[in-house]
Amino acid sequence: MIVVTGATGQLGHLVVEHLLKRGVAPQEVVAAVRTPEKAADLAALGVEVRVADYDRPETLAPALAGADKLLLVSSSAPDEVRVPQHRAAVDAAVAAGVGLIAYTSVVEADTNPLGLAKVHRETEQVVKESGLPAVLLRNGWYTENYTAALPGAVERGAIAGSAGDGQIASAARADYAEAAAVVLTSDDQAGKVYELTGDTTWSLPELAAEVTARSGTEVTYADLPAEQYAQILTGAGLPGFLVELLVDADVKVSKGALSTVTGDLSALLGRPTTPMPVTVAETLGS
């Protein structure tokens with residue numbers, strides 16, 4: 001049995017879909033979710049839905065009962081609570097006797113200068129200290145991290161950021177989800193570390209040029225000081241912890257933090273990763 005945490009989230013839901021596409025029987029997949037009602041579509045496919053709330057540790061062990069493999073999808077909570085949440089899930093996995101943990105970390109977690117990498121380094125250590133067999137899925141950036149806001153950018157005629165000409169080796173979220181499903185349905189994965197990135201890199205000025213070409217509307221890239229970019233994000237209603245994460249990421253991107261291309265992701269997929277222009281076209285419907 002394969003348990004996927006955060007299965008109503010964007011990544012977790014896609015992983016469940018790809019497990020089913022790969023021929024895993026629905027009754028062999030468990031969608032571990034905070035709010036079962038939001039997983040009604042998965043339940044309709046025959047997937048078992050169990051309550052698993054990182055903030056309610058008593059729900060975790062029952063959610064993992066009988067699990068052969070666990071995909072621990074990183075929490076999206078503020079940093080100060082994420083590691084305790086992850087630790088609770090790992091402790092529950094130990095108690096349940098899970099055979100393999102796959103954790104969604106960040107690319108080059110041990111050396112990555114991104115502020116968010118600290119949480120992943122600490123969680124990787126928690127997983128290691130658990131003694132359970134584990135595989136690390138060190139995900140690079142999702143292209144959707146930037147393209148989700150493109151309709152508004154087209155209206156404004158600008159994409160704002162603090163990444164300069166920094167290169168981003170991203171891939172589509174669905175690529176990472178499919179790779180996770182491949183790992184979860186493959187043998188001899190314990191001890192492996194996958195550095196998952198897109199096959200090609202791009203910059204925010206290049207993204208703006210692609211959006212211009214696809215939309216027919218002139219969209220420029222406005223490279224801003226970190227403080228000004230933070231003010232824009234705050235004004236858009238984003239919570240403080242997310243503003244800090246996004247601004248830090250852009251600043252570090254300008255210094256090459258997400259420019260590494262490894263080939264691990266395309267190797268798992270058996271095909272090239274989804275290039276940025278494809279995701280832009282899908283987002284804009286062009």
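Computation of the quantities below employed the complete heavy-atom set of this structure, encompassing side-chain atoms and omitting hydrogens, waters and symmetry-equivalent molecules. Throughout, residue positions are numbered sequentially from 1 according to the sequence presented.
- Aromatic ring orientation, Tyr54 versus His86: perpendicular (interplanar angle above 60°, classes split at 30° and 60°).
- The closest side-chain heavy-atom distance from Thr260 to Glu195 is not below 4.5 Å.
- Within a 6.0 Å sphere centred on CD of Glu155, heavy atoms belonging to other residues, nucleotides or ligands number 12 at most.
- Crowding of Arg87 atom CZ: a count of heavy atoms from other residues, nucleotides or ligands under 6.0 Å not exceeding 12.
- Atom CZ in Arg22 sits 3.5 Å away from atom OG1 in Thr185 (nearest 0.5 Å).
- The heavy-atom pair separating Leu71 from Val15 by the smallest distance is CD2-CG1, 3.6 Å.
- Minimum heavy-atom separation, Pro62 to Glu58: CD-O, 3.3 Å.
- Salt bridge annotation for Arg271-Asp199: absent, with no cationic side-chain nitrogen under 4.0 angstrom from a carboxylate oxygen.
- The aromatic rings of Tyr146 and Trp202 lie perpendicular to each other, with more than 60° between the two planes, well past the 30° mark.
- The neighbour count for Glu244 CD, taken as heavy atoms of other residues, nucleotides or ligands under 6.0 Å away, does not exceed 12.
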Next on the checklist: Please determine whether side-chain contact (heavy atoms from CB on, under 4.5 Å) holds for the pair Arg34 and Arg56, giving the CA-CA distance in whole Å, both sets of side-chain angles, and the decisive distance to 0.1 Å.
Outcome noted: CA-CA 9 Å; Arg34 178 175 297 178; Arg56 295 164 55 208; over 6 Å; no
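- Salt bridge annotation for Lys118-Glu122: present, with a cationic side-chain nitrogen under 4.0 angstrom from a carboxylate oxygen.
- Looking at Arg138 and Glu124, a side-chain N of the basic residue comes within less than 4.0 Å of a carboxylate O on the acidic one, giving a salt bridge.
- You'll find the side chain of Leu11 reaches within 4.5 Å of the side chain of Asn139, heavy atoms only.
- Heavy-atom contacts from other residues, nucleotides or ligands closer than 6.0 Å to NZ of Lys128 number 12 or fewer.
- Here the shortest heavy-atom pairing between Gln27 and Met1 reads O-CE, 4.4 Å.
- Here the straight-line distance linking atom CG of Leu70 with atom CG of Leu64 works out to 5.5 Å at 0.5 Å rounding.
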